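Structure record follows, encoded as structure tokens.
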Amino acid sequence: MDVRRRPPKPPLPSASRGGPSDLRDERRSSTSSSPPLEPPKASDALPLPLYLTNAVFFTLFFSVAYYLLHRWRDKIRDSVPLHVVTLPEIASIVSLIASFIYLLGFFGIGFVQSFISRASHDAWEDLDDDVNRGFGCTDIVAPLPQPVDPEPAISALSSAEDEEIVKSVVDGTIPSYSLDSKLGNCRRAVFIRREALQTTTGRSLADLPFEGFDYESILGQCCEMPVGYVQIPVGVAGPLLLDGLEYYVPMATTEGCLVASTNRGCKAIYASGGARSVLLRDGMTRAPVVRFGDVKRASELKFFLEDPINFDTLALVFNRSSRFGRLQCIKCSIAGKNLYMRFTCSTGDAMGMNMVSKGVQNVLEFLQNDFPDMDVIGISGNFCSDKKPAAVNWIEGRGKSVVCEALLKDNVVKQVLKTNVAALVELNILKNLTGSAVAGALGGFNAHASNIVSAIFIATGQDPAQNVESSHCITMMEAVNEGRDLHISVTMPSIEVGTVGGGTQLASQSACLNMLGVKGASKEFPGANARLLATIVAGSVLAGELSLLSAIAAGQLVKSHMKYNRSSRDVTKVC
């Protein structure tokens with residue numbers, strides 16, 4: 001350890017010999033001539049040197065452990081209860097515990113000793129300075145000035161003020177959700193909220209990043225009370241050749257092999273001339289539930305809503321909510337005296353949940369004039385159905401309904417996918433169709449459509465929870481051209497996507513939409529960007545289905561996941 005020594009100074013002149021100054025000189029000379037005080041070590045507390053103490057306890061531990069094991073073996077042979085112990089055995093057990101405790105602490109003694117040495121040296125050096133000052137020494141060398149980082153202009157005021165705000169948030173005086181509006185600085189609000197949360201829970205958020213994010217962009221529309229953000233890697237699969245155009249598909253995921261597998265499917269589709277897509281429907285739904293006094297009144301409203309004569313009036317009321325929202329149809333279902341009304345409307349390039357909800361609210365207020373006894377229970381009665389698996393979405397569709405197909409040549413299946421047409425067709429029938437039917441699947445007649453949908457949704461700022469109904473998919477495979485080629489298709493009746501609003505405006509998600517060429521609203525054809533995004537999702541699912549089923553048919557699934565997703569160990573060889 002580097003200890004700075006003080007150089008001796010010449011003695012100060014004294015007025016008379018033997019006076020106080022002589023005493024100071026004598027004490028100063030004795031202090032400067034004596035060796036520097038050494039800080040105590042952790043091993044000083046041991047009765048023997050450290051290496052001897054270690055040897056004693058190592059020997060003791062293994063000796064008593066060997067003795068006890070032999071004693072217990074003899075007891076088992078002689079049918080003597082193990083809990084009956086003799087005095088030597090008690091002493092051995094105590095010795096074993098003591099030596100174990102010592103050895104447990106021994107592994108950290110180097111760190112403890114170095115830590116204590118540093119701390120104690122500083123303490124003893126301070127004590128040396130204090131002794132010299134007490135003797136009236138004026139020749140003490142002042143410590144070297146330490147460089148001080150320049151403080152921000154408002155650090156002192158801001159720090160004290162922030163401390164008070166953190167205390168107020170912890171004790172509930174200031175609500176956490178109001179920090180952004182009260183402070184007028186979203187980043188500062190996030191910092192204070194983090195500190196308050198760490199104080200309340202006693203757990204650190206140091207590994208949750210919060211710097212480098214634009215919190216202003218999410219205020220009031222994407223996330224409340226933020227304390228940071230989560231990093232998810234984004235990979236790119238492609239090019240996906242769809243309807244004659246190439247797309248590089250961004251996928252945000254933490255699952256190994258997913259992007260690589262989808263990329264292989266894109267390669268096979270590209271080599272076969274690309275995929276084709278058809279948009280069947282485009283309409284978002286919202287279904288309020290209302291209640292009447294009896295079934296007769298509920299049925300009267302049902303007939304009124306489904307009468308084509310009244311549709312134009314209802315559409316006029318509904319369409320006042322937005323210049324893009326246009327009512328398409330209303331379907332009703334009765335449960336006793338409760339009526340569920342499923343409104344479907346176009347929403348332009350927005351996903352459209354808020355748009356259709358506003359239009360439904362307008363219609364309910366209009367109906368209240370002719371049906372004053374109508375009791376509106378909720379703006380959503382789950383007949384929509386949003387973020388839940390439902391047969392109505394599987395049959396009627398919700399959002400964008402898309403079918404995507406491709407025709408793969410036999411040589412592409414063999415060379416790129418490493419399998420054959422017959423094996424793929426058989427696997428699809430037994431897995432995706434029969435297997436899902438045995439499981440009672442609802443819209444889950446596919447291999448892993450949800451994987452691709454979720455990854456693209458997160459990357460492009462969609463609502464991840466709507467992956468539930470957006471992943472409804474049936475994958476079909478058929479051998480064509482006398483069994484030489486493979487026809488594959490995916491039918492997805494409820495892809496719920498948008499290119500404006502929600503998370504699509506965030507910088508990262510906006511960049512991913514821009515990569516696909518569907519950023520923002522289409523000025524020439526409103527809704528075109530959102531519809532194109534839905535077809536890209538379906539095309540990507542087609543590629544993902546093709547690659548995964550090929551991996552399963554060729555027996556490559558476990559091997560690839562062990563290599564890229566879990567471990568480098570080949571479990572097939574172990575088996």
Side-chain angles (χ1 to χ4, degrees), residues 280-322 324-347 350-401 437 439-444 463 465-472 493-496 498:
L280 303 177
R281 287 186 296 268
D282 180 10
M284 183 51 63
T285 64
R286 175 60 86 197
V289 53
V290 298
R291 182 172 56 195
F292 289 90
D294 53 45
V295 175
K296 183 176 182 298
R297 287 292 288 167
S299 62
E300 287 177 0
L301 179 55
K302 177 184 181 332
F303 297 143
F304 177 85
L305 293 173
E306 293 180 344
D307 189 342
I309 298 176
N310 301 321
F311 180 80
D312 290 340
T313 303
L314 295 174
L316 185 63
V317 175
F318 183 97
N319 295 345
R320 289 204 304 258
S321 62
S322 170
F324 297 109
R326 292 296 176 263
L327 184 64
Q328 296 175 349
C329 66
I330 305 173
K331 292 189 177 181
C332 300
S333 181
I334 284 184
K337 57 183 182 179
N338 304 304
L339 179 64
Y340 297 82
M341 303 170 280
R342 194 171 192 258
F343 291 77
T344 304
C345 80
S346 61
T347 57
M351 185 270 290
M353 285 298 301
N354 293 332
M355 192 184 301
V356 65
S357 297
K358 187 177 179 182
V360 168
Q361 186 66 44
N362 291 343
V363 173
L364 291 177
E365 293 173 357
F366 173 79
L367 293 175
Q368 203 84 53
N369 297 323
D370 294 330
F371 296 88
D373 54 337
M374 179 181 69
D375 183 14
V376 179
I377 303 301
I379 191 68
S380 175
N382 275 9
F383 186 40
C384 314
S385 175
D386 186 40
K387 303 174 184 176
K388 292 165 285 291
V392 68
N393 291 337
W394 176 240
I395 298 171
E396 298 289 343
R398 188 170 193 256
K400 277 73 174 169
S401 300
L442 178 60
D463 189 340
Q466 290 184 326
N467 159 73
V468 176
E469 61 267 39
S470 296
S471 297
H472 282 345
S494 50
I495 302 178
E496 300 167 359

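Given the structure is predicted, the values throughout are model-derived calculations rather than measurements. Scope of the values below: all heavy atoms of this structure, side chains included, with no hydrogens, waters or symmetry mates.
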Residues at least two apart in sequence or cross-chain that pass side chain to side chain donor-acceptor pair (under 3.5 Å) with R320, listed by chain then number, are none

Taking only Lys NZ, Arg NE, NH1 and NH2, and the carboxylate oxygens of Asp or Glu, determine whether K337 and D294 approach each other closer than 4.0 Å. no

Under a 4.5 Å cut-off applied to non-hydrogen side-chain atoms, are E469 and D386 in contact? yes

Applying side chain to side chain donor-acceptor pair (under 3.5 Å) to R326 and not counting sequence neighbours gives none

CD1 of I495 to CG of N467, rounded to nearest 0.5 Å, is 11.5 Å

Looking only at heavy atoms, the pair that brings Y340 and A335 closest together is CE1-CB, 4.0 Å

Checklist entry - Hey, are the side chains of S299 and I334 touching, using non-hydrogen atoms and a 4.5 Å cut-off? => result yes

Between L339 and C332 the two heavy atoms that sit nearest each other are CD1-CB, 3.9 Å

Q) Is a side-chain N or O of R342 found less than 3.5 angstrom from the main chain of F383, in a donor-acceptor match? A) yes

Is any side-chain heavy atom of T285 closer than 4.5 Å to one of V356?
no

query: Would you say the side-chain atoms of D373 pair up with the backbone N or O of F292, donor to acceptor, closer than 3.5 Å?
result: no

Heavy atoms of V360 and F318 approach each other most closely as N-CE1, 3.5 Å

When rounded to the nearest 0.5 Å, the distance separating CG of D312 from CG of L327 is 10.0 Å

Scanning both residues in full, the closest heavy-atom pair of M284 with T347 reads CB-CG2, 3.9 Å

I'd like to check M341 versus L301 (side-chain heavy atoms, cut-off strictly below 4.5 Å). Are they in contact?
yes

| message | Would you say that M355 contacts C345 through its side chain, given a criterion of any heavy-atom pair below 4.5 Å between the two side chains? | response | no

When rounded to the nearest 0.5 Å, the distance separating CG of N319 from CG of N362 is 10.0 Å

Between the CD atom in Q466 and the NZ atom in K388, the distance rounded to the nearest 0.5 Å is 10.0 Å

In terms of heavy-atom contacts, P493 and H472 come closest through CD-O, 3.5 Å

Sorted by chain and number, sequence neighbours left out, side chain to side chain donor-acceptor pair (under 3.5 Å) with Q368 holds for none

query: Relative to the ring of F304, is the ring of F371 parallel (under 30°), tilted (30 to 60°) or perpendicular (over 60°)?
result: perpendicular

Are there more than 12 heavy atoms of other residues, nucleotides or ligands under 6.0 Å from atom CG of N354? no

Check: Does a salt bridge link E396 with K331, judged by any charged N lying under 4.0 Å from a carboxylate O?
Finding: yes

- Query: Got a donor-acceptor contact below 3.5 angstrom from the N393 side chain to the A390 backbone?
  - Reply: no

The reported gap from OG in S357 to CZ in F343 (rounded to nearest 0.5 angstrom) is 11.0 Å

Correct closest heavy-atom pair for P288 and L364 would be CB-CD1, 4.1 Å

More than 12 heavy atoms of other groups within 6.0 Å of K302 NZ: yes

The reported gap from CD1 in I379 to CD in Q361 (rounded to nearest 0.5 angstrom) is 4.5 Å

> Between the main-chain N or O of G352 and the side-chain N or O of E496, is there a donor-acceptor pair closer than 3.5 Å?
Replying inline: no

| Going through the distances and angles, do L367 and L305 end up as a side chain to side chain contact (heavy atoms under 4.5 Å, CB included)? | CA-CA 10 Å; L367 293 175; L305 293 173; 3.9 Å; yes

